[in-house]
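Every heavy atom of this structure was used, including side-chain atoms; hydrogens, water molecules and symmetry mates were not. One is the number of the first residue; the rest follow in order along the sequence.
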Amino acid sequence: MAVFDPHNDDSFDKMRDMFGPAQIDQQLRQVIQFCWMGLPKDKRNVDELQRQVRRLVDRALRDVREDFDEFFSDRQ
């Protein structure tokens, strides 16, 4: 198991190498699959799946932006 030191910039580079585009693609596909399984049977269609995944991603990105603004606005 890899251990990453949050205080070491080289550690972030190693983590970035480990979690490359393939890992991100796999995680996104897993999110889509979980969302599909979580939909009620009567709403289980591609249009509803797309709507829900986009809603969740948009909300998560809004939260990241809000958190960045709150925690790092004085560092810009």
Worksheet item: Got a second to check how far Arg54's CZ is from Cys35's SG, nearest 0.5 Å?
Response: 12.5 Å
Fill in: Pairing residues for Ile32 by the side chain to side chain contact (heavy atoms under 4.5 Å, CB included) criterion, not counting sequence neighbours
Leu49, Val53
Worksheet item: Does Arg29 have any side chain to side chain donor-acceptor pair (under 3.5 Å) partners at least two apart in sequence or in another chain, and if so, which?
Response: Asp25
Discussion item. For Arg44, give me all partners under salt bridge (charged side-chain N to carboxylate O under 4.0 Å, His left out), at least two apart in sequence or on another chain.
Written reply: none
Worksheet entry | Listed partners of Gln52 passing side chain to side chain donor-acceptor pair (under 3.5 Å), at least two apart | Glu48, Arg55
Do any side-chain atoms of residues 36-43 form donor-acceptor pairs under 3.5 angstrom with protein atoms, and if so which ones, sequence neighbours left out?
none

Worksheet item: When Ile, Leu, Val, Met, Phe, Trp and Tyr are grouped by side-chain heavy atoms lying under 4.5 Å apart, directly or through other members, which residues fall in the same group as Leu28?
Response: Ile24
Worksheet item: Mind checking what makes side chain to side chain donor-acceptor pair (under 3.5 Å) contact with Asp13, not counting sequence neighbours?
Response: Arg16
Practice prompt. Quick one: list whatever passes side chain to side chain contact (heavy atoms under 4.5 Å, CB included) with Gln30, sequence neighbours left out.
Written response: Phe34
Discussion item. Per the salt bridge (Lys or Arg N to Asp or Glu O under 4.0 Å) rule, what does the pair list look like for residues 57-66, sequence neighbours excluded?
Written reply: none
